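Everything on this sheet refers to the single structure shown next.
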There are 2 protein chains.
Amino acid sequence: MTKERADAARNREKVLAAAAELFAAKDPRTVTMEDIARAAGVGRGTLYRRYPDVASIATALLDEHEKALQHELLQGPPPLGPGAPPRERLAAFYAAMVELLDRHVHLALGAETGARRYVTGAYGFWRAHVIALLRAAEVADPDALADALLAPLAPDVFAYQRERGVTPARLTAALAELARVLDR
Amino acid sequence: MTKERADAARNREKVLAAAAELFAAKDPRTVTMEDIARAAGVGRGTLYRRYPDVASIATALLDEHEKALQHELLQGPPPLGPGAPPRERLAAFYAAMVELLDRHVHLALGAETGARRYVTGAYGFWRAHVIALLRAAEVADPDALADALLAPLAPDVFAYQRERGVTPARLTAALAELARVLDR
DNA sequence: CGTGCAACCGGACACCGTGTCCGCTTCGCC
DNA sequence: GGCGAAGCGGACACGGTGTCCGGTTGCACG
């Protein structure tokens, strides 16, 4: 990773800015590489030089926001960070994720092309975190439960619920309850 | 819906058979209309006459299998059908769905292009069923919880877990526990 | 039977997005 | 200010989509 050339950096900015706008403006699943290139005033070749596909651009944009939450989970104050009982931490995690989703569904939706969700680094992080919490709560088979408990946070589920009139607040409440009743 | 012409019926059979084979043979998400037409020995126009896209063909194939389960939920013996306590019925539902998924993931994956999952008639059925159970169990906000509880049954989640080594049996056990601890 | 009409078939077509390739431009170090 | 390398971007070939329409086939009715 040597130093980035000035023109390259300039283009990277233009691309990310244009992409962010596009994802917010229209159905993120219909945004194409061509769209982004045009909006950024950049050739398609330039785009492909850095990002293999649309999803990876959305992921790059999303990562920034996820980083903050990941940091809080690891060393922030309870109940998000260490110190609170596992079920409380799980509830807090749910709440934080719902808030994150609420602000950035468009990006999250854009980042999903098929099973892409699970290969992204972030999912692995959430997974590891939930598994650790479940283990601490002495629940049976944390490995199997973790993905099941993360599934409600899938962007398309969230988008669907919101569209149906389930507010983030109600969802948070429902998930908090779910977290608290886990195994006794 | 007048009577179907003989040649049309013949072609419908050929198409469904060829599609079933294709979905099972390769990654269902990469099956194309052209593939199916070629495999069925049928023109592309013929395909489009009946099915607007690949997903709807997979859905048609899947529906057949889902119908049976839906019937059992409505009027089969407990614990799947009416008569058992709601949490037991939910656990049984989970078990049945996992088994269904295990047998037909390829179809379920083929049926999913983006948010297609939620517009299909089947999802609405599962949703209504779970909501009814939650209401009977006197859980708070069944509407918000239902989608969350159905999320772990998303085909891509199932496929991912299985690929990771979580057997259907373990998944069933984990979900059963989840169902039983709901709200107290 | 045979005939006519409607339903059905299927290949051709135009379009769009993808991903790659390569001649040209720009950068920044010496 | 010159030069090597990194970066750029348009052109290209490909593959899938969805539509359209001339030709074909099935079936009801005489």
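What you see below is based on every heavy atom in this structure, not just the backbone, and it leaves out hydrogens, waters and symmetry mates. Since this is a predicted model, take the numbers as computed values, not measurements. All chains are named by letter (A, B, ...) in the order of the sequence lines, taking the proteins before the strands, and each is independently numbered beginning at 1.
- When the salt bridge (charged side-chain N to carboxylate O under 4.0 Å, His left out) test is applied to Asp143(A), no partner is found at least two apart in sequence or on another chain.
- Nearest-nucleotide positions on DNA chain D place Arg12(A) closer to the 5' end than the other of Arg12(A) and Met33(B).
- Residue Arg38(B) is classed as having no contact, given no heavy-atom separation below 4.0 Å to the nucleic acid.
- Applying the side chain to side chain donor-acceptor pair (under 3.5 Å) test to every pair with at least one member in residues 157-169 of chain A, sequence neighbours left out, gives these pairs: Asp102(A)-Arg162(A), Tyr160(A)-Arg164(A).
- Counting only heavy atoms from C-beta on, Glu34(B) has its side chain closest to dT17(D) among dT17(D), dC8(D), dT20(C).
- Residue Tyr51(A) contributes atom OH, which lies 11 Å from atom P of dC8(D) at whole-angstrom precision.
- The OH-P distance, from Tyr48(B) to dT17(D), rounds to 5 Å in whole Å.
- Partners of Arg12(A) under the salt bridge (charged side-chain N to carboxylate O under 4.0 Å, His left out) rule, at least two apart in sequence or in another chain, are Glu4(A).
- Partners of Ala24(A) by side chain to side chain contact (heavy atoms under 4.5 Å, CB included), not counting sequence neighbours, listed by chain and number: His106(A).
- The aromatic rings of Tyr118(A) and Tyr123(A) sit perpendicular to each other, their planes meeting at more than 60°, with 30° as the lower class boundary.
- For Arg49(B), there are no side chain to side chain contact (heavy atoms under 4.5 Å, CB included) partners at least two apart in sequence or on another chain.
- Applying the salt bridge (charged side-chain N to carboxylate O under 4.0 Å, His left out) rule to Asp63(A) yields no partners; only residues at least two apart in sequence or on another chain are considered.
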Dump every N/O contact between nucleotides 27-30 of chain D and the protein below 3.5 Å, one line per pair.
from: dC27(D); atom 1: OP1; to: Ala6(B); atom 2: N; distance (Å): 2.9

Can you check nucleotides 10-13 of chain C for protein contacts, nitrogen or oxygen pairs under 3.5 Å, and list what you find?
from: dG10(C); atom 1: OP2; to: Gly43(B); atom 2: N; distance (Å): 3.3
from: dG10(C); atom 1: OP2; to: Thr46(B); atom 2: OG1; distance (Å): 2.9
from: dG10(C); atom 1: N7; to: Thr46(B); atom 2: N; distance (Å): 3.4

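- Between the CD1 atom of Ile57(B) and the P atom of dG18(D) there is a distance of 11 Å, rounded to whole Å.
- With sequence neighbours excluded, the residues that form a salt bridge (charged side-chain N to carboxylate O under 4.0 Å, His left out) with Lys26(B) are Asp35(B).
- The side chain of Arg10(B) contributes an N or O atom lying less than 4.0 Å from OP1 or OP2 of dG26(D).
- Remark: His65(A) NE2 is packed, more than 12 non-hydrogen atoms of other residues, nucleotides or ligands lying under 6.0 Å away.
- Using a 4.0 Å cut-off, some side-chain N or O of Thr32(B) falls inside it from OP1 or OP2 of dT17(D).
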